[in-house]
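Let me begin by presenting the structure, written as structure tokens, before commenting on it.
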Amino acid sequence: MKSGYFADIGLEVHAELQTQSKMFCGCPVLDSTRAEPNTAVCPVCAGMPGTLPVVNDQAVAFGLRVALALDCEINEVSQFARKNYFYPDLPKGYQISQYEYPLAEHGLLPVLAEDGWKDIRIRRVHLEEDTGKLTHIHNEDEAYSLVDLNRAGIPLLEIVSEPDMHSLDQMLAYTRALRMVLQYLGVNSGDLEKGVIRFEANVSVRPEGSDALGTRVEIKNLNSFRTMTAAVAYELDRQTALLDAGGKVAQETLGWDETAEVTVSQRSKEEAHDYRYFPEPDLPPLVISPEQIATAKASLPERPDRKFRRFQRELGLDAYQAEVLTDDRLTAEFYEATLHAMSNPNAALAANWVTGELFGLLNASGAALEDLQIDPAGLAALLDLLMAGRINNATAKTVLGRMAATGQGALAIIEKEGLAQVSDREAIAAVVRQVLAEHPDEVRAYRAGKVALRQWFFGQVMRQMRGQANPGIVQEMLKDYL
Ligand code: ADP
Ligand code: ZN
Ligand code: MG
């Protein structure tokens with residue numbers, strides 16, 4: 001984008017709410033990338049005349065959780081509305097959404113961008129239903145479209161931000177943070193490649209120093225971070241170049257042409273769709289009681305950005321470790337539970353073991369944390385033994401591997417396999433003397449100034465003692481005897 005301009009970006013994020021059943025009928029919510037097409041369809045979500053929608057309480061509860069997590073004000077009465085348009089993926093001819101009276105408004109999500117923390121205001125959060133999925137086929141001799149209604153009627157939450165993002169980096173920080181919130185709340189898997197979160201970006205530019213927002217375009221159907229970044233970057237370049245040349249940005253709806261890597265006009269403001277919104281006559285107003293709000297609030301997990309900051313501030317972790325440990329809720333909770341279970345909680349040590357050794361085990365085996373045969377109490381017991389000097393660091397790593405393989409506790413493994421650390425000075429001294437006696441050449445070389453050999457002697461002693469010697473005492477003895 002050309003210099004001298006300021007970017008304003010506002011996002012509309014559509015997140016599937018991964019409930020058991022659809023928004024207004026009993027059909028199951030299936031993984032649309034795996035299920036046979038049109039196997040989760042009933043007269044309601046197929047839009048048959050005479051059918052009636054029934055609101056899915058679970059979807060409302062999920063939406064409420066997200067809205068509260070984003071610190072929104074909840075509207076105790078909101079209203080479903082019909083958004084009318086005609087398209088083959090929409091069997092009823094309208095989508096049930098919320099319009100004038102959304103579920104929630106005025107939220108806030110702080111996000112950590114390259115230039116520091118930034119508050120992104122949330123304009124509104126509303127409930128709606130997803131459309132079906134079209135697959136367009138172009139063969140040599142025919143062209144047609146396939147309709148899969150498995151997705152039609154899956155609950156969607158639309159989260160609309162204010163135009164508070166001013167760079168691609170801030171936009172990505174916001175979308176990543178929002179995705180993480182949805183994952184923490186257990187309402188969405190965050191699998192973008194499965195289409196469970198989709199974006200629309202509103203983009204405008206204005207001359208630096210100007211107070212008035214520029215004319216915006218809306219880019220539809222952005223389904224990955226990569227596509228969104230490419231499309232918005234393209235628009236920022238296009239709009240600033242246009243203004244620079246004395247032109248004007250037209251308000252329009254655009255799509256992203258993946259192949260040509262350009263935005264393409266879908267419709268201009270003049271031909272803007274008139275959705276003829278009106279209150280959905282088949283559904284009563286959606287009422288959220290203060291008790292529902294209180295219950296939902298009480299069950300919210302700590303939001304990832306707050307956890308991240310707390311890990312830094314209260315536990316003294318560095319930004320990298322705090323980020324790795326809060327990236328996913330299970331990991332964060334595993335870490336905190338380990339810390340609490342330690343008799344002498346050491347935040348840095350536990351962080352090193354979770355992000356280092358434990359992640360190493362998971363990577364090597366391809367297993368997930370929840371499949372691991374080690375629970376936080378088990379890891380804490382191992383770290384307690386390490387801190388008490390009952391085993392040394394190298395042995396602790398071995399023991400962790402055995403714990404993962406056998407499901408046994410650290411103490412049982414240490415006792416059964418005789419792995420306890422040897423701190424007996426006489427026993428260590430005896431091995432040190434033996435090693436020096438067996439290697440007179442190296443001893444001479446060391447004394448002649450080749451001091452790096454001390455590490456080699458250390459290795460020899462440790463090997464003789466099956467890695468179980470107290471390394472501090474070994475170093476001390478070597479120094480004395482050499
Ligand atoms: P619509 O429903 O027609 O899309 P909204 O007023 O709901 O219009 O705005 C949708 C999104 O557009 C919001 O995310 C908002 O932040 C963003 N937006 C509005 N004006 C601008 C602008 N001038 N530049 C960038 N984004 C904008
Ligand atoms: Zn159905
Ligand atoms: Mg819009």
Side-chain angles (χ1 to χ4, degrees), residues 5-14 19-30 35 38-48 51-56 59 81 83 85 91-92 95-100 102 105-109 120-126 128-132 148-155 158-168 170-171 174-175 178 199-207 210-222 228 231-232 235-236 239-240 243 248-254 266-269 272-275 277:
Y5 291 93
F6 189 72
D8 296 292
I9 305 165
L11 292 182
E12 295 165 68
V13 177
H14 292 91
T19 47
Q20 292 288 311
S21 57
K22 290 186 179 180
M23 186 70 217
F24 301 114
C25 63
C27 289
V29 170
L30 301 179
N38 297 308
T39 49
V41 190
C42 74
V44 175
C45 56
M48 295 295 168
T51 58
L52 290 171
V54 177
V55 171
N56 178 345
K83 180 179 183 178
Y85 64 97
K92 289 198 294 283
Q95 178 192 32
I96 303 180
S97 181
Q98 294 191 306
Y99 187 55
E100 275 179 280
E105 294 168 273
H106 311 306
L108 196 72
L109 183 63
I120 308 297
R121 290 170 301 158
I122 308 296
R123 182 178 289 187
R124 55 186 272 145
V125 173
H126 74 247
E128 58 186 35
E129 58 179 333
D130 209 344
T131 59
D148 177 9
L149 293 181
N150 282 351
R151 205 181 67 179
I154 289 183
E158 178 165 343
I159 301 153
V160 182
S161 83
E162 293 294 339
D164 284 349
M165 289 149 273
H166 307 295
S167 65
L168 295 174
Q170 288 180 359
M171 176 182 80
Y174 168 71
T175 45
L178 188 57
F199 308 101
E200 289 170 19
N202 295 269
V203 184
S204 67
V205 297
R206 50 179 149 145
S210 157
D211 287 338
L213 287 171
T215 305
R216 71 169 156 134
V217 300
E218 176 169 350
I219 317 169
K220 292 259 184 213
N221 295 324
L222 301 171
M228 181 171 59
V232 173
E235 265 310 300
L236 293 175
Q239 292 182 21
T240 49
L243 293 187
K248 265 192 181 155
V249 174
Q251 182 171 345
E252 58 186 341
T253 301
L254 305 172
Q266 291 190 336
R267 52 179 189 257
S268 70
K269 194 188 174 191
H273 276 202
D274 177 1
Y275 291 124
Y277 278 103

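Start at 1 and go down the list; that is how both ligands and their atoms are numbered.
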### Task
Would you give the length of the straight line joining atom CZ of F6 to atom OG of S210, rounded to the nearest 0.5 angstrom?
10.0 Å
### Query
Is a side-chain donor or acceptor of N56 paired with a backbone partner of S21 at a separation under 3.5 angstrom?
yes
### Query
Can you list the ligand 1 atoms lying under 4.0 Å from a non-hydrogen atom of D8?
24 (N), 25 (C)
### Query
Do any nitrogen or oxygen atoms of V160 come within less than 3.5 Å of a nitrogen or oxygen of ligand 1?
no
### L11 contact mode with ligand 1 (heavy-atom cut-off under 4.0 Å)
backbone
### Query
For the side chain of R151 and the backbone of T131, is there at least one donor-acceptor N/O pair under 3.5 Å apart?
yes
### Counterpart residues, ring-ring contact (aromatic ring centres under 6.0 Å, His included), relative to H106 (two or more places apart)
none
### Message
Check this for me: does any side-chain nitrogen of one of K220 and E200 sit under 4.0 Å from a carboxylate oxygen of the other?
### Response
yes
### Task
Show which atoms of ligand 1 fall inside a sub-4.0 Å distance from at least one heavy-atom site of S204.
22 (C), 23 (N), 24 (N), 25 (C)
### Query
Any N/O of V203 closer than 3.5 Å to an N/O of ligand 1?
no
### ligand 1 atoms in contact with L213 (distance to a heavy atom under 4.0 Å)
23 (N)
### Query
What protein N/O/S atoms are found closer than 2.8 Å to the Zn ion (ligand 2)?
C25 SG, C27 SG, C42 SG, C45 SG
### Query
Could R216 and D8 be called an ion pair, given the rule that one side-chain N must be under 4.0 Å from one carboxylate O?
no
### Query
When you check the gap from the basic side-chain N to the acidic O, do K92 and E129 get nearer than 4.0 Å?
yes
### Task
Taking K22 for its side chain and A40 for its backbone only, find out whether a donor-acceptor pair lies under 3.5 Å.
yes
### Query
N202 to ligand 1: N or O pair under 3.5 Å?
yes
### Task
Using the six-membered ring of Y277, assess whether NZ or CZ of K83 lies under 6.0 Å from its centre and within 45 degrees of the ring axis.
no
